[in-house]
Amino acid sequence: MTSHELLIGLAGVLFAAAPIVFATIGETFTERSGIINLSVNGTILLSAMASFAVAVNTQSIVLGFLMGMAVGAIVALIVAFSSIALKQSQVAVGFVLTLMTRDLAYFLGNPYMGLQGPRVQNMPIPVLKDIPIIGPLFFNHDPLTYFSFILIGLAWWWMFRTRPGLTLQAIGERPEAAYARGAAVNKLRYLYTALGGALVGLAGPTYSLSVKAGWKGTISGLDGIGWIALALTIFGGWDPVRGAVGAYFFALLQWLGLVLQPYLPNVPSQVLQVAPFPLMILTLLLVNIGNAEWVDRTLAGLPPDLRRFIRRVLRWMQVVPPASLGVPFEEE
Amino acid sequence: MKPRWENLAFATAAVFVALAFTSLVLVTAGASPFEAYWYMLKGSLGSWSKISDVLVAWVPLLLATAGLLITFAAGLWNIGVEGQIVLGGIFTTWVLRLLQDSTLSPAFILILAIAAGALGGALWAALAGVLKVFGGVNEIFGGLGLDFVAVALTLWLIFGPWKRPGIGSMSGTEPFPKELWLPTIPGSRLSLWALFIGLVSIAIVYFLLSGTYFGLKLKAVGKNPRAAYLLGIPTTRYLMMAFVLSGLFAGLAGAVQVTAVYHRLIPAISSGYGWLGLMVSMLINFQPAWAAPVTFFFAALNIGSIQLPIVLKLDSSLSGVLQGALVLSFLLMGGVRQRWLKKHQQEASDD
Amino acid sequence: SSGQATPAPQQESQQQTQQEQATQPPQEETFTFGMLLVGPYNDHGWSQAHYEAGQYVEQKLGAKMLYVDKVNPADRPGTTPEQLAEDLVSKGAKLIIFNSDDMKDAALAFAQAHPDIYVIHASGDNAWKDGKDYKDIPNFSNVMGKMIYGKMIAGCAAAMTTETGQIGYLGPLINDETRRLASSAYLGAKYCWQHYRQKDPADLKFKVTWIGFWFNIPGVTSDPTQVADDFFNSGYDVVLSGIDTTEALVEAKKFADQGKKVYAVPYDFKEACQEAPDVCLGVPYFNWGPLYMKLIQDAKDGKWQSTFIWAPPDWKDINNPDTSAIGFEMGPALSDEASDAVTNFIDELANGLNLWVGPLKLQDGTLYLKDGEAATDQQIWYLPQLLEGMEGQSVPQQ
Amino acid sequence: MEIELRHIHKYFGPVHANDDITLTIPSGSIQGLLGENGAGKSTLMKILSGYLRPDAGEIRINGSPIEMHSPADAIRFGIGMLHQDPMDFPPMRVLDNFMVGYPEGLLLPREEARQALLDLSAQFGFSLDPDAYVESLTVGERQQLEIVRLLWLGAQVLIFDEPTTGISAQQKEKLFAALHRLADEGKTIIFVTHKLEEVEILCDQVAVLRAGKLVGEAKPPYDLDALVEMMFGKVVTKGERVSAPLGKPVLQLKNLAVESHRIRIAGVNLEVREGEVIGLAGMEGSGQRQLLRACAGLIRPVEGEIWVDGHNLTGKPYHDFMRHGVAYVPAARLEEGLVPNLTLLEHMILADEQRGLIIDRQAALDLTKERIKTFNIRGRPHSTIESLSGGNQQRALLALLRPGLRLLLMEHPTRGLDMESAIWVWQTLKRRCREEKTAIFFMSSDLEEILHYSDRILVFFSGQVSEPIPATETDIEQLGQLIGGRGFNTPEEATP
Ligand SMILES: Nc1ncnc2c1ncn2[C@@H]1O[C@H](COP(=O)(O)OP(=O)(O)OP(=O)(O)O)[C@@H](O)[C@H]1O
Ligand SMILES: Nc1ncnc2c1ncn2[C@@H]1O[C@H](COP(=O)(O)OP(=O)(O)OP(=O)(O)O)[C@@H](O)[C@H]1O
Ligand SMILES: [Mg+2]
Ligand SMILES: [Mg+2]
């Protein structure tokens, strides 16, 4: 494989990862505010279908995207509402929604199977695209991919560098304290759930109007993406940048899975395709094992230096979820 | 006061909401809701053969649900159940392949194979359990990952080592000889043996969770593991047992799929019964007593929905929409109900 | 037609008795047949081709079609094709079409369980007396179009168009059928490359990438979109699709919009080109209508015989909807000289040009056909590997 | 600012937490608020700080009624509250904590905030590292952080809800000095407590709550007995110190060392004998919890040995300790001690040892009823544990303990209980010591409790452990000094 092909291939990875980046960052926002939206997988399918349908009927890509984001936001708000107002389990509601929206997409999307819809066009950035390496890698994409790049930085900046971002961390960490300091906890939770949902919804049209243009019902090949995004949110330790890195890693593995096919004749193709999932489990294991009680017990038996060393390593890997993730908060 | 009629009222309201929503969806698709429901009913309970088909689908769903009720009792979201069903199917197939040419009696081979299926599911669940209990990996994502791995494993086996002579095909592995099928009622696909396994399993689970120390301790561990530990309950052991038992029933579901439904290993051997089982468990608010009827209803919806494409040219994923709508509206109505009760207590205490 | 195996005499007697019980209904009542489609009836691919053939029979014959689509365990959990077929029978179907290799066992089991119902299994070989697993079931027939010709023509169109001399083949999963079709495409491409473009076969790159299934399943198959992109990115300027979905075409369009000169050839369905006309070189498609027409007519008239039909195109006019089992619809993107060449190639085939003659070696170098030896239908049908000169895997990994 | 609370009512389900409270707090003064547990002090203050909304009544600032719907409003009116348990964000850094809730601006005013933090802490002699993590701070430091934060926000009315629980003697002095300064600057201070001596040295006037009602106000010089009577409706006395005769050793700690990523305790040698009560004194997080847990096998020691009844149980898990008659009673009842959603009955079944596979409900029911009577728990066998009052939850917790225990390890056995309940709890505990020869090993942040009920006392200071001090040979002052670290300067001194 020539270096040029490699470059193009990697650019393709960045392109293919864009929707996963959207979904992951969206979920990161939602969960940072203390709400788990488990409906991601179905939401992406429904928003992909709905936005494609709208785009086909109106021939307007923009309307399509708006539709997709609206769908995402609405589904997410159902989760938020049933948790905040009705005190129902977020996991339960989210899980039902993920299955229901999926079937809804298949049912309502039937008439749009295999139709030809509009597609987002590539938009190379004039001068920049000619820079060696950087150019083809980052500046020869469609607007969505650019937005995915921007979003990563934007999300990180918002969460860790702005005052509202600090409040966001606070309401997810300890809502009662945030409330005592004047934060409108539940209003904000609605807001960020909707925002996160909209970003998840954005992933739909990014597929159906760009990355995997078209709607093919059960064979669209989108089922499963949402779960990956959810896992990446944890893997990223609720940090948009780490989450995005995870998304790129996943897309990269997928790509390697096929470019390596000829070179690894004895490796079943399924192995490379499914590799991200064991890897996901492994990473979750690494970032969580530090919290396990038996580890402490075992460590206590070890000689002091080794013990302290391992402790330090474990604490370094550890990711700690927002303390009130999934816990509803009742304002007086 | 009178919670009896209250519950009834809210339940009916929930059903009504769900039907209303689904009808709306149907109308959007330009179909007559009434017709759709009618044909689904006819297609599921309209004749004995239809009912027997529903029962065929009912058994594995019931088994998966039975297992899930145990993990739910322990406060665990065993989303790995899909993979556990698959592994049950794989292990069963494996044993059948090993022994089908042997001189052992078919009955004996079948028993071994089904036992192996249970074992397979239990092992796969144990894996998720170890990750959760000793690795702190949230069972939802551990299980989910293992689900994907299980599917990949199936495809690999079907297109690789276990592929049919010449062709690896989506139709799965070479079907097993008839004598290795669970005997069915003549003229139907329904196996009384499978039915028996299903009913016994749910009975066992009901008994375990309602009457025994094991069930109560499991509940305690589920609701507050740290307190349970201080009360002297071996928490980790109980969590692991929950996983293993749950996986065991899921594995049985897989075994039934292979020995009584498809008679071979197919790529989609789980038929999504794991997901459906999770839905049912939520719908019945994790009470074993309701598992049998509600799973039957869901199976009926699945079978009945086949009429939609045949008669009305509608996509049968509608059944999934209806099932989802039901569970969702029951959850939401549950919330509404609690608010309502709270408000009434408030008024009661004020005056 | 050539591929048809005529039933042996000693068989006919029992088949007669068969038809006694099978065709009682008075003629005037409209004949109802059922069809089980593995995919969505509107998938713009394999299943839709069957579905429209059914409609064709409906209006030509005044027969009535009942169908169920998405007949696969993933989409219809807890149901088996037998069960669905019985449902159709209970609604009056006298003949059932199973349209996928995946329903092979179901079709056989059903046929054996219902001797009074005619069964057609598309793409199977159990009714083939000279086949590897022949089953003697009077009410069971196989049909298949000789897509090998369609693929040869597609390959030719690719070879006439490619500028880089690199042709990609987007393969589904590896089995006899898919090997057979990919290889046919290669043979067609090689022939036109060599004889019409006067180039050395050694300079023709023909690479097959298997995604692992008929369509994309995230985390399970390779992503056809990525595969197509990868082809186009690494210098392959024509991609032939062997899968159910149209990623090759869609992606070709994307690259074309970016100013690249790339093309694609979809598969299965006559109108497939419409999804992206300006990059479509044409589509080799199945035309099941005439085949079903014949068998259903026979069944209706009580002339049914268990047969294996592997029908070649009608060489007089391969796109004749009433006579040709497979066809090749030229695409808008096919240049004039290229289309002339393709037409020419078709004529040569019509006049008996056979590309399945030796010397041909298998991918691992073992001899497949001696010099001048013509392959038998069996040799072609059960092709054990890809042919020498093709890149890509021949057998699924163990 | 002058604050007026007029006819405030607040209900929690059945509980009338605030019952028609009317109170005027002049500006520039320190107002004390006195009352037993559950009297309604926090509730009233939470209402004043907008955290809770009153069911009836109004709040006036400088004579004009104000509308308050949330803490945000209160902050706007310049009212800030230091909650009973610090309302901060342990995993965040001090500086971030400081900035959470800062009203305006899109960007974080990092530098400005850092300056303000350092300046303000300097003014009050606090030492707060902006970049430290809050979880690594002592309760006292966390309070200090809250105080400077409130001042930075420009609060004119500062509410302190029991700020002195679990802070050292010096920290307490610092705090009081700070409060005086603030009052002198014209700020209005409200100081919530149930410790009379604090009222005495600090408050310009005091109001007393009982069972949700305002039962009286007083100005210096205070008549303490009168205040006590107002608080409890009668005179309450702890009664005589009683100690059980000591028997043979139950628990032996040999050069024990415990370590967590936060703190390390080393070289603990101790022998606890039958019927003996040992109290662990010290600020929260000084290591007493770690030691207590180690003695139950909940934490594995890194060095040394633990012997129970002559069995070496070092490194064994808690359940092995249980088999040797050890029981552990945690402070966080609903988090660690009891199982929410389960009923009293089910708790009894779980605590009782298992007979066979199937539960004999009737037998269990009888047992539960009997226990409910003996431990006079206000609740029914089928009432869920979380619906019980704190005190009754504590009673339930004691009712779950099996008879014939050898060693009982307790965190804050009477936290959240009013005096009467506390006294009752100790009566039952002491009875165990006498009749069952049980040894008790407990930690508490209430020095009086430790002094009054222990035979010997261990004092902890940031991981260092004092020699056991006979309770009869020491007093509050000395303990206060030790807790504050005086006489703890060198490890040698701590553990010779
Ligand atoms: N969120 C709540 N839900 C139910 N009851 C509550 C709640 N908060 C307080 N109460 C009840 O209101 C009464 C007053 O509680 P409050 O916290 O004001 O007492 P307090 O005077 O602060 O006691 P302490 O000295 O222990 O802090 C108590 O009976 C308490 O149980
Ligand atoms: N989380 C809660 N859920 C339901 N009811 C509660 C809750 N918290 C408190 N209550 C109710 O408020 C009443 C007082 O609770 P609380 O624990 O404050 O009692 P208290 O005033 O502190 O008395 P005690 O001295 O027994 O603790 C209890 O009777 C209880 O029913
Ligand atoms: Mg209390
Ligand atoms: Mg208080």
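Chain letters run A, B, ... following the sequence lines, proteins first and then strands; every chain starts at 1. All values below come from the heavy atoms of this structure, side chains included, with hydrogens, waters and symmetry mates left out.
- Counting only distance, with no hydrogens or angles, the side chain of Ser317(B) and the backbone of Phe107(A) share a donor-acceptor pair below 3.5 Å.
- Between the OG1 atom of Thr28(B) and the CG atom of Leu108(A) there is a distance of 6.0 Å, given to the nearest 0.5 Å.
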Check: Can Phe330(B) and Gln88(A) be said to form a side chain to side chain contact (heavy atoms under 4.5 Å, CB included), step by step?
Finding: CA-CA 11 Å; Phe330(B) 262 85; Gln88(A) 292 304 293; over 6 Å; no
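- In this structure, Phe148(B) has its ring center at least 6.0 angstrom away from the ring center of Trp227(A).
- Aromatic ring orientation, Trp294(A) versus Phe134(B): perpendicular (interplanar angle above 60°, classes split at 30° and 60°).
- With values rounded to the nearest 0.5 angstrom, Asn138(B) atom CG is found 5.5 Å from Ile234(A) atom CD1.
- Although no hydrogens or angles enter the test, the distance criterion places a donor-acceptor pair under 3.5 Å between the side chain of Arg339(B) and the main chain of Ala85(A).
- In this structure, Gln338(B) CD and Leu86(A) CG are separated by 9.0 Å, a value rounded to the nearest 0.5 Å.
- Ranked by heavy-atom pairs under 4.5 Å with chain A, the list Val336(B), Leu278(B), Leu144(B), Ile140(B) is led by Leu144(B).
- Using a 4.5 Å heavy-atom threshold, the side chains of Ser82(A) and Leu331(B) count as separate.
- When each of Leu318(B), Asp315(B), Val25(B), Val321(B) is paired with Asp103(A), the side-chain contact (heavy atoms from CB on, under 4.5 Å) condition holds for Val321(B) and for no other.
- Evaluation of the side-chain hydrogen bond (donor to acceptor under 3.5 Å, both in side chains) rule for Ser305(B) yields no partner, not counting sequence neighbours.
- Counting only heavy atoms from C-beta outward, the side chains of Phe21(B) and Leu104(A) approach each other to under 4.5 Å.
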With side chain to side chain contact (heavy atoms under 4.5 Å, CB included) as the criterion, how do Leu131(B) and Leu285(A) come out once you've worked through the C-alpha distance, each side chain's angles and the decisive distance to 0.1 Å? CA-CA 7 Å; Leu131(B) 284 167; Leu285(A) 187 63; 4.0 Å; yes
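- For Val287(A), no part lies under 4.5 angstrom from a heavy atom of chain B.
- A 4.5 Å side-chain heavy-atom check between Phe95(A) and Ile79(B) finds at least one atom pair inside the cut-off.
- Here the CD1 atom belonging to Ile78(A) is positioned 8.0 Å from the CG atom belonging to Leu332(B), to the nearest 0.5 angstrom.
- Most heavy-atom pairs under 4.5 Å with chain B, from the set Ala231(A), Ala92(A), Ala292(A): that is Ala92(A).
- With rounding to the nearest 0.5 angstrom, the CZ atom of Phe141(B) is 12.0 Å from the CD1 atom of Ile228(A).
- With a 4.5 angstrom heavy-atom cutoff, Ile289(A) touches chain B via backbone and side-chain atoms both.
- Proximity to chain A involves both the backbone and the side chain of Leu146(B), based on heavy atoms less than 4.5 angstrom apart.
- Ranked by heavy-atom pairs under 4.5 Å with chain B, the first of Leu38(A), Leu284(A), Leu279(A) is Leu284(A).
- No other option in Glu293(A), Lys87(A), Met100(A) has as many heavy-atom pairs under 4.5 Å with chain B as Met100(A).
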